[in-house]
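See below for the structure under consideration.
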Number of protein chains: 2
Amino acid sequence: MAIEPELVKSANEALAIAEGRLEPAAVFEPATVDVAAIRKAQNLSQGRFAERYGLPLSTIRDWEQGRRRPDRAAHLLLRLIEAEPDVVARILSSSE
Amino acid sequence: MAIEPELVKSANEALAIAEGRLEPAAVFEPATVDVAAIRKAQNLSQGRFAERYGLPLSTIRDWEQGRRRPDRAAHLLLRLIEAEPDVVARILSSSE
DNA sequence: TCAGAGTGTACGGCAATGCCGTATAGGCGG
DNA sequence: CCGCCTATACGGCATTGCCGTACACTCTGA
């Protein structure tokens, strides 16, 4: 197996970070969100949840089934729905 | 020019709706959002806006330049940012 | 007992977006 | 004149958004 310069570089970087000689770069957080949990905390079925927040049912399904991962905007929105469900619902209903 | 059965069908449908014989189907609202306006209302540059709400600058750009249109989740999020900027910022900052 | 409604899992599939990068241009302070 | 900030424009690929269909399970009323 040939030596991969890129891997060597990365390994040295990891070592440097581990030893505190380097700051870890911004990492792309897996950003997991338990959509089902957020939804269930509000006692809503997938359908009613989707309807309540104006999102496509199929998209909710994809998220819950792990087939797709919500992008950043969706991610933030979900956290808002989790923390302030009524505020979100109010904004949505106003002017729609 | 050949007759297009689909168009004829649509035309008849439109007529039926116009005459009240049929309910208009759910229409996909163009759902335009003036991201730049929302951002400027908060006196933020594209960069600071993106940073403030944890969104990729490139995505903000795409939206403002009309190259891409925010999907439903993003759309709702933008309306939340517009109406309740501080609530959104607060939720975002908590736990990140 | 069985048809039907409601809920959820699973997945095919295409158009469209998300997000990264680079090039270009105008304004501004040093 | 150079560097910095801000914004427009766009190439490009992986991934998602969203629609549709098929199945399985549970509950309810005829």
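Convention: sequence-line order gives letters A, B, ...; per-chain numbering from 1. Predicted model only: the values in this text are computed from it and were never measured.
Between A:Y53 and A:L80, the closest side-chain pair of non-hydrogen atoms is not below 4.5 Å. Considering only heavy atoms from C-beta on, B:R61 comes within 4.5 Å of B:L57 through its side chain.
Residue B:P56 has its side chain nearest to C:dC20 when only D:dC18, C:dC20, D:dC13 are considered.
In this entry the distance linking CD1 of B:I60 with P of C:dG21 reads 16 Å, nearest Å. Distance, A:L78 CG to D:dG17 C1': 14 Å, rounded to whole Å. Atom CH2 of B:W63 and atom P of D:dG17 are 12 Å apart (whole Å). For the pair B:R69 CZ and C:dA15 C1', the interatomic distance rounds to 13 Å; values are reported in whole Å. Note: CZ (B:F49) to C1' (D:dC5) measures 18 Å, nearest angstrom. Going from atom CG of A:L55 over to atom P of D:dT16 covers 17 Å, rounded to whole Å. Between A:L57 atom CG and D:dT21 atom C1' the separation is 13 Å, expressed in whole Å. Following rounding to the nearest Å, A:R72 (CZ) and D:dG17 (C1') show an atom-to-atom distance of 18 Å.
Side-chain N/O atoms of A:T59 include none lying less than 4.0 angstrom from OP1 or OP2 on D:dG17. Phosphate proximity of C:dC20 to B:S58: present, with a side-chain N or O under 4.0 Å from OP1 or OP2.
Between the A:R39 side chain and the A:F49 main chain, no donor and acceptor come within less than 3.5 Å of each other. No donor-acceptor distance shorter than 3.5 angstrom exists from the side chain of A:E82 to the backbone of A:V35, with no hydrogens or angles considered.
Taking the charged nitrogens against the carboxylate oxygens, A:R90 and A:E84 have no contact shorter than 4.0 Å, which rules out a salt bridge.
Separation of atoms CG (A:L78) and CG (A:L55) is listed at 7.5 Å; rounding is to 0.5 Å. Expressed to the nearest 0.5 Å, how far CZ of A:R68 lies from OG of A:S58 amounts to 10.0 Å.
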Report, one pair per line, the protein and nucleotides 3-10 of chain C atoms (nitrogen or oxygen only) whose separation is under 3.5 Å.
residue: C:dG8; atom: OP1; partner: A:R39; partner atom: NH1; Å: 3.1
residue: C:dG8; atom: OP2; partner: A:Q46; partner atom: N; Å: 2.7
residue: C:dT9; atom: OP2; partner: A:Q46; partner atom: NE2; Å: 2.9
residue: C:dA10; atom: N7; partner: A:Q65; partner atom: OE1; Å: 3.2
residue: C:dA10; atom: N7; partner: A:Q65; partner atom: NE2; Å: 3.3

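The base of D:dG12 lies close enough to the side chain of B:R68 for a donor and an acceptor atom to sit less than 3.5 Å apart. One cannot find a donor-acceptor pair under 3.5 Å joining the base of D:dC18 and the side-chain atoms of B:D71.
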